[in-house]
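See structure below.
Lettering follows sequence order; numbering is per chain, from 1.
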Amino acid sequence: MRRSTALRRIIPVIAVGALVLAACGSDDDASGSADGTLAPTDTGSGDTAPTDTDPGDTDSGAGDCSSTIDDGVLTIATGEPAFYPWVIDDAPESGEGFEAALALAVAAEMGYEGDAVVWTRTTFDEAIQPGAKSFDMNLQQYTITPERAENIDFSLPYFTSNQAIVALVGSSAEGATTIADLKDVKFGAQVGTTSLAFITDVIQPTQEPFVYDDNVGAKAALEANQIDAAVFDLPTALFVSGVEIEGSAVVGQFPADAGGTTDQFGFVLEKDSALTACVDAAITTLTDNGELDAITQEWLSDFTGAPVITVE
Amino acid sequence: MSDAANPSMSASAPAPKLSMRGVRKSFGSTVVLDGIDLDVVEGDVITLIGASGSGKSTLLRCVNLLEPTDDGQVLLDGVDVAEPGLDPDPIRRRIGMVFQSFNLFPHMSVIDNIAIGPRKVLGVSKADAHREGQEMLARLGLADRADAYPDQLSGGQQQRVAIARSLAMHPEVMLLDEITSALDPELVGEVLDVVRKLKAAGMTMLFATHEMAFAREISDRVCFLHQGRILEEGPPAQIFESPTEPRTQAFLQRVIDAGRL
Amino acid sequence: MSDRPTRRERYERARRRRSVAIATVSTIVVVGASIVLIPLTPGWDRVRQAFFDGDVFLDTFPGLLGAFWLDVKILLWSTPFILAVSLLIALARNTRSPALFPLRAFAVIYTDVLRGIPVILLVFLIGFGVPALGLSRTWANPLIWGSVTLVLSYSAYTAEIIRAGIEAVHESQRAGARSLGMTSSQTMRTIVLPQAFRKIVPPLMNTFVSLQKDVALVSLIGPVEILRQAGIDKATYANFTPYVAASLIFLALTIPCTRLADWALARQRARTGATTIA
């Protein structure tokens with residue numbers, strides 16, 4: 001009876017230990033599939049073609065435009081919901097909105113049109129984390145930064161945006177012409193954005209800024225008189241002040257070289273994706289033939305003329 | 001009714017300290033007190049005997065207004081204290097009650113238990129209340145237990161502390177609700193000793209109990225309760241030796257059979 | 001007869017020795033296996049870098065500690081209000097007089113509604129909504145309204161805990177106190193509530209620990225407390241280690257609190273002489 005009592009005690013311990021070991025030992029796909037696949041032709045999925053990373057190569061859509069996660073279909077992701085003016089009415093399939101129109105133009109250059117383009121949604125955060133992706137390319141105003149580039153691939157930039165300040169009319173941020181004028185302003189911005197970094201690194205105000213999960217929070221804080229001003233990229237700033245918050249205005253914008261990082265938007269792709277070169281080629285084509293400008297003009301042309309603030 | 005039992009019936013008979021007139025009390029559909037009439041003269045010890053459920057506890061709780069009466073009067077010094085809407089707190093100051101389960105406050109020491117009433121209700125200073133409490137404990141033989149907690153005392157000691165707690169308020173009447181029923185037999189004696197001392201000091205008491213021998217020893221009158229009425233009432237000698245009501249006899253017979261008389 | 005205690009002692013000592021041996025061996029096996037085998041897994045390096053990066057830890061720790069101070073402040077000024085409000089609600093709910101029915105009804109509605117609404121919703125509703133009605137900058141401060149939200153929400157839960165404690169105090173205690181002539185409120189203050197609180201220390205401490213973490217919800221409306229700071233760091237470094245660092249800081253607060261509560265309970269039990277059933 002002694003023996004079976006002792007045994008009865010050891011067995012659960014061994015079982016737990018075994019479970020722990022089993023969980024650690026079980027392999028995932030990520031490490032297994034990155035190497036050692038033997039697809040001989042360059043139409044197989046999961047194939048890394050080592051010579052196709054030259055971005056200037058515009059040879060009939062060079063780079064492997066066919067190595068999508070779903071054969072024959074290009075999966076494009078954007079945010080949930082997707083905002084104006086990047087996507088109109090949260091319906092990117094319509095091609096209406098700057099990013100929606102741009103994405104379809106790029107897709108067409110890559111050889112995907114109509115039903116061959118499928119849209120999906122992700123959060124802002126999950127797309128720029130390391131790991132396998134549920135999309136081929138993702139666009140939601142992602143600013144190209146070296147930190148993010150360690151985990152994912154960025155395409156060439158498709159848009160350069162200034163930072164801009166939205167404040168309620170009559171606030172202490174109004175009339176500012178230099179950074180020094182903004183030192184005592186209470187700012188707010190979305191977490192993890194270059195806007196927030198701009199505030200803490202460039203403006204360096206005396207009061208710590210408030211931080212929100214999204215721009216919705218920053219806007220609500222403006223309306224609740226909890227902050228003097230919020231920082232967004234210029235198109236968002238113009239939309240917020242013009243359409244969303246009454247009695248607010250864009251009180252200034254900072255030129256692209258105002259310090260900190262330059263805010264350029266790029267497509268996000270999985271790290272070392274075979275499609276990156278293909279996307280770059282498409283963007284280059286659209287830039288060269290003027291179509292990128294036309295799209296920018298059509299969907300963002302309303303947005304001009306906020307005063308420029310210098311960094312002194 | 002009480003006059004018939006009171007041999008010293010004269011014009012100069014003192015007005016009763018406590019009177020109950022036609023007191024009725026029901027809990028839901030159960031009638032527990034069905035018209036109680038009782039007079040207690042100052043200095044009297046009135047013992048209530050009867051089976052469980054006969055209404056002894058409820059009667060006592062109606063006197064100090066822990067239970068509101070449905071009907072009837074409770075007269076303390078001639079004033080009806082059972083009147084609905086009357087503030088019961090000043091009344092309860094004058095009437096002390098000791099419970100079967102002691103009801104000491106477990107989070108307070110013995111001396112604090114005794115002092116809390118005078119301090120909170122009578123406005124006595126902490127020093128004075130403690131001093132008086134200490135004296136009372138000494139008289140009860142518990143002087144060395146002042147700083148102990150109720151959990152650390154025996155049942156008999158706890159009940160003596162409970163009596164002291166009640167006495168600290170200098171009540172005019174004391175209600176003792178089966179105060180030894182929860183005690184081991186060998187601890188009963190020390191509590192009954194205290195009751196003897198109270199009687200000797202002239203305290204007016206209403207005493208519900210199963211301790212028949214003791215009741216016979218100290219009572220001025222004994223009331224036998226049956227189904228919410230005082231069925232028989234009289235001096236202890238009469239009740240215990242020659243009860244007139246058959247139910248009283250039956251009850252006492254059962255008590256004798258149980259070896260408690 | 002004098003043999004028995006010694007024989008039992010011997011037996012129990014042997015049993016204890018065996019249990020300790022088994023526990024030690026099995027712990028060593030499992031922990032040792034984890035320590036040895038987990039790093040051998042193919043993904044370990046990436047996981048370690050993503051969650052346990054020493055450089056990121058050292059870089060972000062001071063900032064996180066600084067941000068934690070805000071959490072502590074919110075905790076310190078919210079807790080007294082929570083206790084006060086929940087006590088009032090519990091007492092209101094506990095009134096027996098029929099004349100006070102509206103008060104009782106209010107307390108019931110208060111606890112029902114505020115326990116039912118998710119705190120996140122309340123934070124936005126009250127934290128943004130109330131100031132937007134037109135408050136001045138100082139009065140619009142999200143720290144005020146975030147704390148108000150925490151007080152409203154947590155007092156509803158705590159009120160129910162206190163009420164349970166009050167009802168756990170036996171009616172005979174009230175009888176004892178009232179028969180001395182103590183008023184209803186004196187009885188509640190000196191007799192019922194002290195006993196009630198001693199009974200509810202474990203669930204109260206539970207709620208307090210929960211509050212220590214829920215304080216982070218205030219970050220939703222702007223203020224940068226520790227979890228928000230960890231989120232900013234996560235975005236800056238593209239690394240989760242700041243969250244691990246933040247967790248350690250939280251544990252440094254919650255564990256001592258629970259041990260303190262245990263100690264206070266044990267001391268009280270020893271003092272009142274309650275026996276432990278072996």
Side-chain angles (χ1 to χ4, degrees), chain B residues 57 60-61 63-68 85 87-110 112-123 147-153 158 161-162 164-171 173-177 182, chain C residues 87 90-91 94-101 161-162 164-202 204 261 263-278:
Chain B
S57 258
L60 293 179
R61 291 169 74 99
V63 171
N64 79 340
L65 309 177
L66 281 183
E67 299 288 356
D87 184 9
D89 295 326
I91 316 296
R92 294 199 190 114
R93 262 179 242 166
R94 303 163 58 190
I95 302 176
M97 186 152 184
V98 185
F99 301 84
Q100 180 172 345
S101 47
F102 334 136
N103 292 356
L104 290 180
F105 307 132
H107 61 298
M108 299 163 66
S109 67
V110 161
D112 285 329
N113 260 274
I114 295 175
I116 187 113
R119 285 176 59 201
K120 293 285 172 193
V121 181
L122 302 177
D147 293 318
Y149 280 81
D151 296 49
Q152 297 164 324
L153 267 50
Q158 289 188 57
V161 170
R165 181 177 70 172
S166 222
L167 282 177
M169 298 293 294
H170 305 295
V173 177
M174 278 194 72
L175 310 172
L176 309 174
D177 188 1
Chain C
L87 187 59
L91 291 176
N94 214 283
T95 57
R96 285 118 190 260
S97 125
L100 289 173
F101 171 73
I161 295 177
I162 294 179
I166 290 177
E167 293 190 352
V169 177
H170 201 273
E171 188 66 31
S172 59
Q173 286 292 300
R174 274 190 204 81
R178 298 309 298 275
S179 66
L180 289 174
M182 287 171 74
T183 65
S184 184
S185 65
Q186 283 172 332
T187 306
M188 181 58 78
R189 249 183 299 126
T190 55
I191 305 302
V192 176
L193 282 179
Q195 294 185 59
F197 268 97
R198 278 168 175 80
K199 288 178 195 291
I200 56 178
V201 167
L204 272 188
W263 170 82
L265 261 179
R267 194 180 71 133
Q268 177 218 320
R269 225 175 273 135
R271 192 188 52 170
T272 58
T275 52
T276 51
I277 298 180

Subject >> Which atom of B:Arg92 lies closest to which atom of C:Gly181, heavy atoms considered >> reply: CB-CA, 3.8 Å

Original post:
Closest heavy-atom contact between B:Asn103 and C:Ala175?
Top reply: ND2-CB, 4.3 Å

Subject >> Validation row: C:Pro194, B:Met108 side chains within 4.5 angstrom (heavy atoms) >> reply: no

**OP:** Can you tell which part of B:Met97 gets under 4.5 Å to a heavy atom of chain C, answering side chain, backbone, both or neither?
**Re:** both

Subject >> CG-CG distance between C:Leu180 and B:Asn64, expressed to the nearest 0.5 angstrom >> reply: 10.0 Å

Original post:
What part of B:Leu175 lies closer than 4.5 angstrom to a heavy atom of chain C: side chain, backbone, both or neither?
Top reply: neither

Original post:
Side chain, backbone, both or neither: which part of C:Gln186 has an atom under 4.5 Å from a heavy atom of chain B?
Top reply: side chain

Subject >> B:Leu122 portion near chain C, given a 4.5 angstrom heavy-atom threshold >> reply: neither

Subject >> chain C contact via B:Arg94 - side chain, backbone, both or neither, heavy atoms under 4.5 Å >> reply: neither

**OP:** Might you point out which heavy atoms bring B:Arg165 and C:Gly176 nearest each other, and give the distance in Å?
**Re:** NH2-CA, 4.1 Å

**OP:** Could you grab the distance from atom CG of B:Asp89 to atom CE of C:Met182, nearest 0.5 Å is fine?
**Re:** 10.0 Å

**OP:** Measure across C:Thr190 and B:His107 and return the closest heavy-atom pair with its distance rounded to 0.1 Å.
**Re:** O-NE2, 2.9 Å

Subject >> Flag side-chain contact, heavy atom, 4.5 Å: B:Leu65 against C:Arg178 >> reply: no

Subject >> Side chain proximity check, C:Ser179 to B:Phe99, heavy atoms < 4.5 angstrom >> reply: yes

